[in-house]
Enquirer: 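Take this structure, written in structure tokens, and hold onto it; I'll ask about it next.
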Amino acid sequence: MRVATWNVNSIGARLPRLLPWLEETAPDVVALQETKCADGAFPYLPIAALGYEVLHSGDGRWNGVAILSRIGLTDPTTDLAGQLEARYATAQCGPLRVTSVYVPNGRSLDDPHYAYKLNWLASLRDTLTDLDAVKPIMIMGDFNVALTDDDVFDIGAFGGSTHVTEPERAGVRALLEWGLVDVRARPGKGDRPFTYWDYRAGMFHQDLGMRIDYVLATPPISISDAYVDRDARKGKLPSDHAPVVVDVSFGPDLERRS
DNA sequence: ATGTCATCTTAGAGATGA
């Protein structure tokens with residue numbers, strides 16, 4: 001089974017890249033972020049034509065998350081307790097409980113949006129309280145946090161910046177401490193599996209990136225491969241994020257239990 | 001390291017966010 005996450009930075013602008021990518025990559029489940037469209041404007045038809053059921057939560061201009069699944073999609077939820085923006089979507093997709101997240105950016109350390117980001121991560125952690133890590137659960141998306149200094153191209157360039165502070169990292173680590181595992185993709189071009197490169201200043205060309213998109217999975221989910229699809233960041237009108245693609249499998253007992 | 005890209009407002013360049 002193949003699962004992927006991708007911040008597409010507008011599904012409207014990215015549709016000419018997304019549709020052929022879905023055909024070539026053939027993921028069974030995809031978590032999308034930054035769709036930047038209202039529910040009524042989501043391109044359901046061309047995606048359904050490729051065999052996917054869709055759960056979308058969209059504000060319109062900003063944010064927006066989706067789950068695409070061709071192995072079933074039930075028990076949809078887009079409400080994250082106490083949070084108003086469209087940044088969270090969960091559904092049962094076959095044996096997997098899948099969540100797509102678009103964690104708030106934080107903007108700057110003195111901006112109220114930074115406290116909002118920490119609060120949002122706490123709300124995300126709270127959703128795990130009643131769940132059991134022996135079941136197959138995946139939370140994936142754009143976390144807007146680099147977990148370690150090695151997850152940015154040069155930690156010296158991030159003094160006083162968001163994405164690398166201890167409270168943000170602790171917010172994500174709380175998910176790992178609960179029992180989710182950080183599925184590290186094998187590196188692409190460089191020695192580190194970056195997933196985001198700023199559009200400006202030739203950052204992608206120089207591989208000056210950040211690893212801020214994560215796939216988190218519970219231990220029963222066996223990972224046979226995980227890679228960053230750098231090709232999707234190249235060429236004409238790419239997103240500023242690359243997809244993370246993960247191949248997973250389960251034991252027969254787990255297939256039954258879920 | 002702020003060099004790009006996407007969207008909305010409202011008709012064409014500016015504001016906003018990343």
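Fair warning: this is a prediction, and the values are worked out from it, not measured in the lab.
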Enquirer: Judged by each residue's nearest nucleotide on DNA chain B, which is more toward the 5′ side, A:Arg61 or A:His241?
Expert: A:Arg61
Enquirer: Roughly how many Å apart are B:dT2 and B:dA15, using the C1' atom of each and rounding to a whole number?
Expert: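 16 Å, rounded to whole Å.
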Enquirer: Please work out if A:Leu237 contacts a base, only the sugar-phosphate, or nothing of the nucleic acid, heavy-atom cut-off 4.0 Å.
Expert: sugar-phosphate
Enquirer: Give A:Tyr196 one of three labels, base, sugar-phosphate or nothing, depending on what nucleic acid heavy atoms sit under 4.0 Å from its own.
Expert: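 Answer is nothing: A:Tyr196 stays at 4.0 Å or more from every strand.
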Enquirer: Can you work out whether A:Gly106 or A:Arg14 has the more 5'-proximal nearest nucleotide on DNA chain B?
Expert: A:Arg14
Enquirer: Taking the ring of A:Phe153 and the ring of A:Phe158, is the distance between their centroids below 6.0 Å?
Expert: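 Here the rings of A:Phe153 and A:Phe158 have centres that are less than 6.0 Å from each other.
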Enquirer: Please list all pairs meeting salt bridge (charged side-chain N to carboxylate O under 4.0 Å, His left out) that have one or both residues in residues 44-67 of chain A, counting only residues at least two apart or in different chains.
Expert: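 Salt bridge (charged side-chain N to carboxylate O under 4.0 Å, His left out) check on residues 44-67 of chain A returns no pairs.
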Enquirer: Which nucleotide of DNA chain B is the first, and which the last, in the 5' to 3' direction, to come under 4.0 Å of a heavy atom belonging to chain A?
Expert: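 Terminal contacting nucleotides, 5' to 3': B:dA1 to B:dA18.
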Enquirer: Please state the P separation for the pair B:dT4 and B:dT10 - nearest whole angstrom.
Expert: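 The answer is 27 Å between these two P atoms.
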Enquirer: List the steps, then state whether side-chain contact (heavy atoms from CB on, under 4.5 Å) holds for A:Ile223 with A:Asp247.
Expert: CA-CA 6 Å; A:Ile223 308 297; A:Asp247 291 321; over 6 Å; no
Enquirer: In whole angstrom, give me the gap between the C1' atoms of B:dA1 and B:dT7.
Expert: 25 Å
Enquirer: Between B:dG3 and B:dC8, how far is it from one C1' atom to the other, in whole Å?
Expert: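 About 24 Å, rounded to a whole number of Å.
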Enquirer: Taking side chain to side chain contact (heavy atoms under 4.5 Å, CB included) as the criterion, tell me which of A:Arg211, A:Met210, A:Arg169, A:Arg192 meets it with A:Asp151.
Expert: A:Arg211
Enquirer: Does the A:Thr127 side chain pair with the main chain of A:Leu124, one donor and one acceptor, at a distance under 3.5 Å?
Expert: yes
Enquirer: Using the test side-chain hydrogen bond (donor to acceptor under 3.5 Å, both in side chains), find all partners of A:Arg125 that sit at least two apart in sequence or belong to another chain.
Expert: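 Partners of A:Arg125 under the side-chain hydrogen bond (donor to acceptor under 3.5 Å, both in side chains) test: none.
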